[in-house]
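Residue numbers begin at 1 in each chain, while the letters A, B, ... track the order of the sequences.
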Amino acid sequence: MVKDKYDPREIEAKWQKIWEKKDVFRAKDTSKNPKFYVLVEFPYPSGSGLHVGHCRSYTALDIVARKRRMEGQNVLFPMGWDAFGLPTENYAIKTGIHPAEATKENTEAFKNQMRSLGLSFDWSREINTTDPEYYKWTQWIFIQLFKKGLAYKAKMPINWCSSCKIGLANEEVVSGNCERCGSKVERKEKEQWMLKITDYADRLLKDLNLVDYPERVKLSQEEWIGRSYGAEIIFKIHESNLSVPVFTTRPDTLFGCTYIVLAPEHPLIEKLKDKISNYNQVAKYIERSKKKMEKERLAEDKEKTGIELLGVKATNPANNRKIPIFVSDYVLSQYGTGAVMAVPVHDSRDFVFARKYNLPMIEVIQHGRRERRRKLDFSGGGFKSAYEGEGFLVNSGKFSGMVSEEAKKRIVEWLKVRVSGSEKVSYKLRDWIFSRQRYWGEPIPMVFCEKCGWQPVPEEDLPVKLPEVKSYQPTEEGESPLAKKEEWVKTKCPVCRGSARRETDVMPNWAGSDWYYIRYADPSNEKKLADSKKISYWLPVDWYNGGMEHTTLHLLYSRFIYKFLWDIGAVPKETGPEPYRKRTSHGMILGQGGTKMSKSKGNVINPNDVIKDFGADTLRVYEMFMGPFEQAIPWDTKGVKGVRRFLEKVWGLKEKPFAENENKETERIILKTSKKVSEDIELLKFNTAVSSLMILANKLDSQKEISLAHLARFLIILFPFAPHISEELWLLAGFKGMCSEQEWPESKDQEEDKISITIQVNGKARDRLETGPGLSEKKAVEVAKEKERIKKYLQGKKIKKVVFVKNKVINFVV
RNA sequence: GCCGAGGUGGCGAAAUUGGCAAACGCACAGGUUUCAAAAACCUGCGAGAGUAAUCUCUUGAGGGUUCAAGUCCCUCCCUCGGCACCA
């Protein structure tokens, strides 16, 4: 072999071309081999190019994909572009460049970067959410939702910047202020399209049992759905035939309820208008709190405010006492019934409020243990704090003495009989605001007709293409820029053919990513979102990796849309109710020094530069080696150099003379490493896989000569991590075919022919005993006792006990 | 406040799940090479004592279980992420 320098630039480009030409990464829609669908989140193609964080996730799953292909599986590893979104639109507002043009440029740059990393995507299935042929189906899904009553229009508050005169997405609100101008963001009511995800709350929760997600991901989904079981209790309004239901998880504390509180938006207030003697003040209070940002209202440290509705009272159904009614913005209108029963002694929020307004407090739950009870007793005329735990009931009529758990059931039963309450389940999850008053998104395919109301665009007219506009700026009133395009807005009603107007709102960023993994199964289908046979072959996704930042919303939304498509038969029944079998997530890559990478800090690492200076294989291996995959980790350029040194060493192996015989010791290490690498890849423990590859390389490098069989086996297991150098060395060594076509080694447990037993005295390791496996206790102890170093410790002492663990340890207790 | 993850050398981290703590890599020091430097290679590298063999100590703090604890149990401290008036 010829002595030459390791030049990744040349060999990497070469192999990337060869792989592409031979089309080795194409997934086949039918195969005798088992299918394996591995998915990474498709990126938003921003102007700043691929981030080293993308490389981490993509390389990791690329390794999995390459390994599975070598194991003979039919692997689908697709890539596409989630290209609708604000940054591109803002760029268009600033520069006048059409978002589609910017998107095209950006996706090309991203694609080139991915190619130069040697990622084994099947580019024949590339998709783009901004492609009309793609968003045709995103719109189709919306229409199906509408037809099933799961999409509806409602007045909802939006974030409104009165200085920019623009509706803001939640992401654009930074601690209550507008991201661009810094002025305070207000709430403004606007008609919005909503999706009824709450109808799916129970299934989204229950079906978490069917999938393999990390526990913390499941927990955050559960948390987000926020199911709680309790009761709805009806409070009658005194001297009227009106009543107000409240939701509580603690019906056992009903006797301690001394007032009720309504959210400012509660409709009852309007109905009681004539009876409320201080209505003017109440109206003022409501006006003020409506203007506040929701986030502001929720801030805990903020003092609770409220106002009593004078002239009206409610009746506590437990004891028929007349109790006051308050309005306060500490009660959320969207949760439960928008009204709560206040039990000051057993709820800290009610406690704070009651103390401020001097409202009566009745203790109804006492803790079981005496020492706790003393603390809760009156001291100096008031309670010190609320007791929120369970216990046994006091001051609760015939329920006194019962424990909370039983009282919850009994009190609800009792209320049921008197038609003043029943069991009820409540969710934190709210319906999904699906409208954006923006340009760069999928137009919502709906038409409004004065006569026929909201009508979906006929399916044969899809896609509703985004029209060209002069300015991408929203209107003065906060409408989408599309609203200015009168000739586009004006249309015919699909039902009565009369004149009608198009919806000008567009869909949120999430819309395109809710179902993209289905489209990969059949990306150019013109008749359906994807062919049923292809869906049922490829789906569910076997392994989905993405960022922790998407584990609540994207995951929840896409699970919802998938379930819906499954319900209406767009996804065949046999595919099952969940889109992703297994989910994992990668940690962030931080800047050198441990802070977040950002342009303003100037610590952004550009993968292009790393590839140019060190090579793609080095970048890949470094990112896998830098630390545990699921953990955030700072970049370290010196570490990159270390990995490059490792690959130089590997490159140097071809200089070694070939050995006729195989080194026994090396043989053992190769078997061990193959097994370790196989296992580690599946467990995402890439850092230790690389480390064991380094150990093996060091071993091979330390030998004077190297056997060809050993070199081949090393290259095969190195291949998924550093595919270019592996292919090149495979070729240079004169092996048959390509490295990528080789079979992955089966991981076998090898019979250890050498075992070393730790010898301890009083639990402290003092020596080792090198021996074969299966040494008996008697024999082992005999030999161990005779060891010089052990003798020293045993001398003049009495052996009290000997602990023997086969093939592992002998411990003398003296 | 609640939930989650974590705390091991100068740094990123390993530790077959209870059996020689610090593998692998970085940084650092010394050496080889060189007119010199870089690169490369070799050696050393948790702390303390000793010329040395070797010994003692060491996994956020304190207690416990065990022949044996980084790993299991209890109490506490700190860091980072998420949620946050959800009744």
Side-chain angles (χ1 to χ4, degrees), chain A residues 214-220 222-224 226-228 230-231 246-250 253 257 260-261 263 295 297-302 304 328-332 334-343 346-350 352-353 388 426-430 548-549 551-552 587-588 593-594 621-622 625-628 630-643 645-646 648-649 652 672 675-676 679 685 687-698 756-768 789 792 800-805 807-814:
Chain A
E215 208 44 44
R216 59 185 170 144
V217 173
K218 283 194 185 179
L219 279 169
S220 79
E222 277 166 23
E223 173 88 356
W224 202 260
R227 182 183 201 272
S228 45
V246 303
F247 175 74
T248 179
T249 54
R250 292 299 299 275
T253 64
C257 166
I260 62 173
V261 192
K295 271 194 181 148
R297 275 175 60 175
L298 302 188
E300 177 130 49
D301 44 312
K302 203 159 166 18
K304 290 187 177 26
S328 169
D329 59 15
Y330 85 83
V331 175
L332 304 169
Q334 294 101 326
Y335 183 76
T337 62
V340 301
M341 63 176 225
V343 186
H346 302 294
D347 182 286
S348 52
R349 298 154 300 187
D350 299 340
V352 172
F353 192 81
E388 296 185 315
S426 237
Y427 300 93
K428 283 190 206 172
L429 186 70
R430 295 175 200 171
M548 230 15 222
E549 70 274 20
T551 50
T552 40
M588 249 198 309
V621 176
Y622 170 67
F625 182 59
M626 62 197 302
E630 289 174 287
Q631 191 179 298
I633 219 136
W635 184 268
D636 176 19
T637 299
K638 284 178 182 145
V640 182
K641 275 189 202 150
V643 169
R645 266 197 281 261
F646 159 65
E648 301 265 5
K649 190 179 284 179
K672 215 171 107 189
K675 184 167 179 250
K676 173 103 181 123
E679 288 170 355
K685 288 166 77 174
N687 53 334
T688 51
V690 172
S691 130
S692 65
L693 285 167
M694 284 173 168
I695 293 169
L696 176 54
N698 288 344
S756 97
I757 297 176
T758 310
I759 309 170
Q760 304 177 329
V761 179
N762 285 342
K764 289 214 156 127
R766 295 298 178 185
D767 205 354
R768 312 225 77 192
R789 296 176 55 178
K792 203 166 80 186
K800 272 197 275 187
K801 193 175 170 186
V802 181
V803 180
F804 178 76
V805 182
N807 293 346
K808 272 202 174 147
V809 82
I810 304 172
N811 189 9
F812 296 104
V813 186
V814 298

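- The side chain of A:S220 places no N or O atom within less than 4.0 Å of a non-bridging phosphate oxygen (OP1 or OP2) of B:rC3.
- For A:F625, whose side chain is taken as the heavy atoms from C-beta onward, the closest listed nucleotide among B:rG4, B:rC24, B:rC67 is B:rC24.
- Aromatic ring pairs are classed by plane angle as parallel below 30°, tilted from 30° to 60° and perpendicular above 60°; the pair A:Y335 and A:F247 is perpendicular.
- Closest contact between the side chain of A:R645 and the listed nucleotides B:rC67, B:rC26, B:rA23 involves B:rC26.
- For A:S691, whose side chain is taken as the heavy atoms from C-beta onward, the closest listed nucleotide among B:rC26, B:rA23, B:rC67 is B:rA23.
- Among the heavy atoms of the strands lying under 4.0 Å from A:V813 are primed sugar atoms or P, OP1, OP2 only; no base atom is included.
- If you check B:rA13, B:rG19, B:rA23 against the side chain of A:Q631, the one that comes closest is B:rA13.
- Within the 4.0 angstrom heavy-atom criterion, no nucleotide atom of any strand lies near A:D350.
- The listed nucleotides are B:rG19, B:rG12, B:rA23; the one nearest the side chain of A:I695 is B:rA23.
- Nearest nucleotide to the side chain of A:V809, out of B:rG19, B:rA87, B:rC67: B:rG19.
- In the set B:rC83, B:rC20, B:rA68, the nucleotide with an atom closest to the side chain of A:T758 is B:rC20.
- Side-chain atoms of A:K304 come within donor-acceptor range of the base of B:rC85, with a qualifying N/O pair under 3.5 Å.
- Of all heavy-atom pairs between A:M341 and A:C257, the closest is CB-SG, 3.6 Å.
- Which of B:rC24, B:rC83, B:rC67 sits closest to the side chain of A:M694 comes down to B:rC24.
- Listed candidates were B:rA87, B:rA40, B:rG25. Nearest to the side chain of A:N698 is B:rG25.
- Checked against B:rC55, B:rC85, B:rC67, the side chain of A:R766 finds its nearest nucleotide in B:rC55.
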**Under the 3.5 Å Watson-Crick or G-U criterion, the dot-bracket string of RNA chain B, with | for inter-strand pairs** = (((((((..(((......[....))).(((((.......))))).((((....))))..(((((..]....))))))))))))....
